Amino acid sequence: MASQYYQEMQESFRNNNKSREFPAHTAKVHSVAWSCDGRRLASGSFDKTASVFILEKDRLVKENNYRGHGDSVDQLCWHPTNPDLFVTASGDKTIRIWDVRTTKCIATVNTKGDNINICWSPDGQTIAVGNKDDVVTFIDAKTHRSRAEEQFKFEVNEISWNNDNDMFFLTNGNGCINVLSYPELKPIQSINAHPSNCICIKFDPTGKYFATGSADALVSLWNVEELVCVRCFSRLDWPVRTLSFSHDGKMLASASEDHFIDICEVETGEKLWEVQCDSPTFTVAWHPKRPLLAYACDDKEGKYDSNREAGTVKLFGLPNDS
């Protein structure tokens, strides 16, 4: 029997299954993220800029475009509790911290390599950034100075703290999840999670689970306390690029080069919904308070249609009559 939650969400998506797209950039979008209060959505792009939108009822209104990086903005994230600050990681060997109130870059931090992933610690005090040379640098969010730097002997894909801020997780090219103590950065465990490249990792807001996505097209769900795999989801056919848990931790969105985003119920693994896409999806992010999913896809068939396709951000979960 489908759970009550499952039935309620299916009904909700039937009534709110509209996807709308909003022009954001002049080239493809690599990353989307919501501010902690859900009022703003930020996007980072191959066009070297970040954009910030304000969510108004059922649409995104562009507030600002943030320039300054000399290369592609590959990932960005917001401060965990301050809805005005976000940070961008770029291939130009810098990260930049931005304040939406002044629309200015409040800090540029030089790093040693081309940055590809970034995350902000749950306590807001530290920013971790990983580069193409598999070095992870921990930067003090107040002084903007490096606190620690770790060179890894494996391909580091995505990085994340656990919600309690006392462990640091990395997914790697050998299919493993490496768990380090924090702030000591001592290895706790290396988990053989997948038979091939382990790409992305996300923690659910309740702190019970984390999920990883792999090149084997599987998504695995893990119990945080015991570091054991609880279940796997296998509806995608291509390497899993991006994951996001809903605000209540009960739904998980995963996406790849498949032309749909899979939304499943976490506790059962059942498919709740499929968001149809015209092209591969790079990034997904659930709104922090409601069942609204932001995502960005590749331009169709590699051709930039200057009218619309390149650099749009999309929202799914809008009312059908909007």
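We're numbering straight along the sequence, starting at 1. Since the model is a prediction, treat every value here as computed from it, not as a measurement.
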Practice task
Report the residues that fulfil side-chain hydrogen bond (donor to acceptor under 3.5 Å, both in side chains) with Lys271, sequence neighbours left out, ordered by chain and then residue number.
Solution key: Glu274
Completion exercise
Students should find that the hydrophobic cluster of Met251, defined by side-chain heavy atoms under 4.5 Å apart, otherwise consists of Tyr5, Tyr6, Met9, Phe13, Ile261, Ile263, Leu272, Trp273, Val275, Val284, Trp286, Leu293, Tyr295, Phe316
Practice task
Could you walk me through whether Asn17 and Asn320 pass side-chain contact (heavy atoms from CB on, under 4.5 Å), step by step?
Solution key: CA-CA 6 Å; Asn17 69 4; Asn320 294 343; 2.8 Å; yes
Handout entry: Qualifying residues under salt bridge (Lys or Arg N to Asp or Glu O under 4.0 Å), relative to Glu63, sequence neighbours excluded
Key = Arg40
Problem - Residue pairs fulfilling side-chain hydrogen bond (donor to acceptor under 3.5 Å, both in side chains) with at least one residue in residues 109-119, sequence neighbours excluded - result: Thr111-Asn115, Lys112-Glu149
Problem - Under the salt bridge (Lys or Arg N to Asp or Glu O under 4.0 Å) test, residues paired with Asp74 that sit two or more places apart - result: none
Problem - Residues which pass salt bridge (Lys or Arg N to Asp or Glu O under 4.0 Å) with Glu56, listed by chain and number, not counting sequence neighbours - result: Arg59
Problem - Pairing residues for Arg101 by the side-chain hydrogen bond (donor to acceptor under 3.5 Å, both in side chains) criterion, not counting sequence neighbours - result: Asp84, Asp99
Practice task
Would you mind checking if Asp140 and Arg145 are paired as a salt bridge, meaning a charged N to carboxylate O distance below 4.0 Å?
Solution key: no
Handout entry: Test salt bridge (Lys or Arg N to Asp or Glu O under 4.0 Å) applied to Lys48 - qualifying residues, sequence neighbours left out
Key = none
Problem - Centroid separation Phe203 to Phe169 less than 6.0 Å - result: yes
Exercise for the section: Give every residue pair that meets the side-chain hydrogen bond (donor to acceptor under 3.5 Å, both in side chains) criterion with at least one member in residues 229-239, sequence neighbours excluded. Expected result: Arg235-Asp262
Completion exercise
For residues 52-83, the ring-ring contact (aromatic ring centres under 6.0 Å, His included) pairs (sequence neighbours left out) are Tyr66-Phe86, Tyr66-Trp98, Trp78-Phe86, His79-Trp120
Handout entry: Set of ring-ring contact (aromatic ring centres under 6.0 Å, His included) partners for Tyr182, sequence neighbours left out
Key = Phe138, Trp161
Problem - Glu257 bridged to Arg241 by N-O distance under 4.0 Å - result: yes
Problem - With Thr137 via side-chain hydrogen bond (donor to acceptor under 3.5 Å, both in side chains) - residues at least two apart - result: none
